[in-house]
K.L.:
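Submitted below is the structure of interest, expressed as structure tokens.
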Amino acid sequence: MKRTSLKVLFVMTFFIQMIAAQAQQAPIVSKYDYHDAFAPSFYTKNGTETRSASGQPGPKYWQNRADYQLTAQLNEATNEIVGSEILNYTNNSPDALSFLWMHLDQNAFKADSRGNAIIGLSGSRGGAKGERVDGGFNIKSVSMLYTINGKTSEKELLFTIVDTRMQIQLPQELKANGASAKIKITFSYISPKYGSDRTGVLDTKNGKIFTIAQWYPRMCVYDDVRGWNTNPYIGAEFYLEYGDFDVAITAPASHIVVCSGELLNPADVYTAEQQKRWSQAKQSDQTVMIRTAEEVTNPSSRPGGKSLLTWKFKIKNARDVSWASSSSFIIDAAKINLPSGKKSLAISAYPVESSGDKAWSRSTEYTKTSIENYSKRWFEYPYPAATNVAGNEGGMEYPGIVFCEWTAKGEGLWGVTDHEFGHSWFPMIVGSNERIFAWMDEGFNTFINSLSSQDFNKGEYKAPKENMNQSGVFLTDPKLETMMSTPDNMKEESIGLLCYYKPGTGLTMLREQILGEKRFDYAFRTYIARWAFKHPTPDDFFRTMENAGGEDLNWFWRGWFQNNWRLDQGIRKVKYTKNDPTKGAVVTIDNLEKMAMPVVMEFKTKSGKVSRTTLPVEVWMRNASWTFKPGIFEEIESITIDPDHAFPDYNPANNMWTAGKSELEKDVILDSYLGTFSSKQIPIKLTFTEENDALVGTATGQGPITLEPIGKDRFAYAAYGIELQFNEAKTEVTLKQGAEILFTREK
């Protein structure tokens, strides 16, 4: 109120309109606009009955369900998979559905697919690496199953295939709120040797390794956000419904098959000795060999008398299922101890080329430790097994099973194993839309991986502390897309930065520099628990972190996630009060770019003392520069902004002030400016006093304002564009605010 009334003072009498019209703020010397950074309108919609404003599922949240009975038969010679699917689809939505959409992701390997069409001459992770393969699904039949009086009958359904999607037209609407339909599909396809680094066939000296994924028609998600999610498969990953899976895989009897979930018939597919070892592994914290390297070429290591064996698996409440099959597999396993007292089983499958104490022979140890760690920190692992398979994928994740590079060793094998099993939480448990928001699984996973690596084996593979000053240079490069871009809308070389690295480091900053570990961990666990086996959006995450963490983080989401803003904090001025170090230091810092962050400063004095001052992000809520007293009353040797390099300040050159090298500003001695001045032009007096080491001006009938020195004998109140220029003798002062008014010192 008082500051507003001051302006009234200087628009009195006949100067009112002229001065007000010409008044203007001081020139902006920074790109920072606190109105943008702290704008209140980050969220574009209110909470709904399905998604609460607090970030949790609303009272009427719903999602549909897809349960599968799947069969597959592997032809080792031709790389063909012949399969059948019985889908039980439940429509829990409030909408009646007259058609269904399904993913046919193998169609990406058709010669005329959209995915192939967008592969540039320099190549891509996508596609089949130039292999000429007769790829894509051969959909042999689609029908609806009916059960009438205990008898099942089929009715053929019309379907349309568009690239990697299939629309099934229903004979009548599938009613809302719980109605279900049973669909039968028969299909086959030829697996590419390299399937976009997610599925494939690897040749080894003891046989092919088939790592099989995206192998059956999968339901598209129908949700309360977009309805049918039918984005084509041209590179980005997946968004799938949850359900239970019963799987039967028939392969040559020489093969061992591993799959998502629990093996139901070990007595049919393992030898008596291997069954005994299997039982031992379920009770052992140490790795137990089920099939050794020496036994791989021994025919007696496989059951005799049959040319084919059928392996049966079951997994519940999962969003997908994948499997692998090979005659070359070494198999080992160990139990996983879960916080509730339940057990799971860590399994590794790899060829003799991958074995060794510095390579895949530690895979089960890595798998077990990774799953146990994440279960303790965040949310208990829900599946009966966790299987690591050596394949020709760099690393790819599915519920209960992952495929990792067969040549990986040591730290590289730990890293890829821990990363792919970290995906058990994002997106296998927390089922976000990877195809649109890849940062919600890859970035979150990258973050939890950083903590897991610190924990593993007393930091055996602990990464060095991140230098965010250096990382900020490329993470906030103006030429980059934003994190909120879809991965298909990014340059392929940007995906690693924007979907993995940048969101991962963002969560580290949020945990270590903004919320603190305790508040962050509680909020992050709350997010996982709220959205386990559900479909969160970015808003659900942002709102949960704010509500459970008790902090308005709009400025953080806006700067780091929604926009590609840069951070540049700098030291502008350092001085001593009255030019005397014993009276205290005064420091001015600037925020020079669009992003806001808290400020951490380290002070070293000439006596050797070291101290730190932390300023909250709120200092930038209405300021582009900030002047403060750090409470130091001796000569300063150096001042450093962000001494730990924990923030993405891309221009650290202005983060350091050093005595003798950097300028020490002279403090203005105010004694000669003090007193009362009057004017012949207007009936007002100005009185200047010193308060808190600053010049304070008071006009007749008005409240005081604090004036900032801006040059020789010049002071300003920038909020209203007011400048005061004293003459050298300090007998006169000219008020400038559009017009000029002269005041003379009273005797």
Side-chain angles (χ1 to χ4, degrees), residues 42 55 370 373-374 377-379 415 418-419 421-427 429-430 432 434 437-455 462-469 471-472 474-476 482-484 487 495-532 536-565 567 595-598 600 617 642 644-649:
F42 177 75
S370 180
N373 183 284
Y374 293 132
R377 270 192 180 273
W378 306 119
F379 188 94
D418 186 55
H419 179 79
F421 278 117
H423 277 301
S424 299
W425 283 261
F426 308 102
I429 293 173
V430 182
S432 59
E434 299 177 272
F437 303 112
W439 59 268
M440 291 185 73
D441 74 289
E442 296 294 358
F444 292 4
N445 190 25
T446 299
F447 162 69
I448 65 173
N449 297 160
S450 68
L451 299 178
S452 180
S453 292
Q454 294 175 31
D455 295 339
K462 180 180 178 180
K465 195 73 174 176
E466 185 81 24
N467 185 328
M468 285 298 293
N469 290 176
S471 301
F474 52 85
L475 288 179
T476 61
T482 68
M483 272 196 289
M484 297 297 280
I495 290 174
L497 293 178
L498 297 177
C499 298
Y500 295 70
Y501 192 22
K502 187 169 183 177
T505 56
L507 293 193
T508 297
M509 282 192 294
L510 188 59
R511 182 176 191 259
E512 296 181 357
Q513 310 302 328
I514 299 169
L515 286 180
E517 293 182 6
K518 185 176 181 179
R519 275 204 296 168
F520 177 92
D521 288 358
Y522 175 76
F524 201 55
R525 281 193 293 267
T526 299
Y527 167 70
I528 296 171
R530 283 178 171 182
W531 291 98
T537 67
D539 270 11
D540 299 318
F541 170 68
F542 296 148
R543 290 172 184 268
T544 294
M545 294 303 291
E546 290 188 358
N547 278 262
E551 205 72 52
D552 184 343
L553 297 167
N554 288 190
W555 58 272
F556 181 71
W557 312 132
R558 186 178 284 113
W560 193 250
F561 286 81
Q562 193 175 69
N563 294 290
N564 193 31
W565 289 348
L567 177 69
M595 187 184 294
M597 283 286 173
V600 178
V617 73
D642 189 17
D644 298 324
H645 313 298
F647 294 102
D649 190 328

K.L.:
Taking the side chain as C-beta and beyond, is there a heavy-atom pair between Arg377 and Arg525 under 4.5 Å?
P.N.:
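Arg377 vs Arg525: side chains apart.
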K.L.:
Among Phe437, Phe542, Phe42, which one satisfies ring pair (Phe, Tyr, Trp, His ring centres under 6.0 Å) with Phe561?
P.N.:
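It is Phe542; the other options fail the test.
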K.L.:
May I have the step-by-step check of side chain to side chain contact (heavy atoms under 4.5 Å, CB included) for Thr476 and Trp560, ending in yes or no?
P.N.:
CA-CA 9 Å; Thr476 61; Trp560 193 250; 3.9 Å; yes
K.L.:
What are the two closest non-hydrogen atoms of Ala532 and Phe379, and how far apart are they?
P.N.:
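Nearest pair, atom of Ala532 first, then Phe379: CB-CZ, 3.7 Å.
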K.L.:
Side chains of Trp557 and Pro538: does their closest heavy-atom pair fall under 4.5 Å?
P.N.:
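They are not in contact (no side-chain heavy atoms under 4.5 Å apart), so the answer is no.
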K.L.:
Enter the distance from Phe447:CZ to Asn445:CG here, rounded to the nearest 0.5 Å.
P.N.:
11.0 Å
K.L.:
Using side-chain heavy atoms (C-beta onward) and a distance below 4.5 Å, is Met468 in contact with Asp649?
P.N.:
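The answer is no, as the side chains (C-beta and beyond) never meet within the 4.5 Å cut-off.
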K.L.:
Could you please spell out the steps behind the side chain to side chain contact (heavy atoms under 4.5 Å, CB included) verdict for Gln513 and Phe647?
P.N.:
CA-CA 8 Å; Gln513 310 302 328; Phe647 294 102; 3.6 Å; yes
K.L.:
With heavy-atom distances below 4.5 Å as the criterion, would you say the side chains of Phe524 and Arg511 are in contact?
P.N.:
no
K.L.:
Just checking Phe474: does its CZ atom have more than 12 heavy atoms from other residues, nucleotides or ligands closer to it than 6.0 angstrom?
P.N.:
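More than 12 heavy atoms, drawn from other residues, nucleotides or ligands, come within 6.0 Å of this atom.
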K.L.:
Would a distance-only check, ignoring hydrogens and angles, find a side-chain to backbone donor-acceptor pair under 3.5 Å from Asp552 to Asn554?
P.N.:
yes
K.L.:
Okay, side chain of Trp565, backbone of Gln562: is any donor-acceptor separation there less than 3.5 Å?
P.N.:
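Between the backbone of Gln562 and the side chain of Trp565 there is no qualifying donor-acceptor contact (under 3.5 Å).
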K.L.:
I'd like to know if Lys502 pairs up with Glu442 as an ion pair, taking the criterion as any Lys NZ or Arg NE/NH1/NH2 lying under 4.0 Å from an Asp or Glu carboxylate oxygen.
P.N.:
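Salt bridge flag = no for Glu442 with Lys502.
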K.L.:
Using 0.5 Å steps for rounding, measure from the OG atom of Ser452 to the CH2 atom of Trp378.
P.N.:
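Answer rounded to 0.5 Å: 11.0 Å.
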K.L.:
Measuring only between side-chain heavy atoms, which start at C-beta, is Asp642 closer than 4.5 Å to Asn469?
P.N.:
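When only atoms from C-beta onward are counted, Asn469 and Asp642 do touch, with a gap below 4.5 Å.
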K.L.:
Without swapping roles, check the side chain of Glu546 against the backbone of Leu553 for a donor-acceptor pair under 3.5 Å.
P.N.:
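Yes, because the side chain of Glu546 sits within donor-acceptor range (under 3.5 Å) of the backbone of Leu553.
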K.L.:
Taking C-beta and beyond as the side chain, do Asp455 and Lys462 meet within less than 4.5 Å on heavy atoms?
P.N.:
no
K.L.:
Does some side-chain heavy atom of Asn563 sit less than 4.5 Å from a side-chain heavy atom of Met595?
P.N.:
no
K.L.:
Nearest 0.5 Å please: distance from the CG atom of Leu567 over to the CG atom of Leu475.
P.N.:
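Taking CG in Leu567 and CG in Leu475, the distance rounds to 12.0 Å.
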K.L.:
Run the numbers on Met597 and Met509 for side chain to side chain contact (heavy atoms under 4.5 Å, CB included), then give the verdict.
P.N.:
CA-CA 10 Å; Met597 283 286 173; Met509 282 192 294; 4.0 Å; yes
K.L.:
Identify the heavy atoms of Arg519 and Gly550 that sit nearest to each other, and give their distance.
P.N.:
NH1-O, 3.8 Å
K.L.:
Might you point out which heavy atoms bring Tyr522 and Ala548 nearest each other, and give the distance in Å?
P.N.:
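Nearest pair, atom of Tyr522 first, then Ala548: CD2-O, 3.8 Å.
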K.L.:
Indicate whether any N or O donor in one side chain lies under 3.5 Å from an N or O acceptor in the other, for Asn373 and Ser370.
P.N.:
no
K.L.:
Working to the nearest 0.5 Å, report the span between SG of Cys499 and CD of Glu434.
P.N.:
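Nearest 0.5 Å value for the SG-CD distance: 10.5 Å.
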K.L.:
Determine whether the aromatic ring centres of Phe444 and Trp439 lie less than 6.0 Å apart.
P.N.:
yes
K.L.:
Please round to the nearest 0.5 Å and tell me the distance separating atom CG of Leu515 and atom CD of Glu551.
P.N.:
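Interatomic distance, Leu515 CG to Glu551 CD, rounded to 0.5 Å: 6.5 Å.
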K.L.:
Looking at residues at least two apart in the chain, or sitting in another chain, which of them share a side chain to side chain donor-acceptor pair (under 3.5 Å) with Tyr374?
P.N.:
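Testing Tyr374 for side chain to side chain donor-acceptor pair (under 3.5 Å), a comparison that skips the adjacent residues, returns Asp418, Asn449.
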K.L.:
Would you call Trp425 and Asp441 a side-chain contact if the rule is heavy atoms closer than 4.5 Å?
P.N.:
no
K.L.:
Quick check against the 3.5 Å criterion: does Trp531 have a side-chain atom that pairs as donor or acceptor with the backbone of Gly55?
P.N.:
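Judged by distance alone, yes, a pair lies under 3.5 Å.
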K.L.:
Rounded to the nearest 0.5 Å, what separates atom OH in Tyr500 from atom CE in Met483?
P.N.:
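Rounded to the nearest 0.5 Å, the OH-CE separation comes to 14.5 Å.
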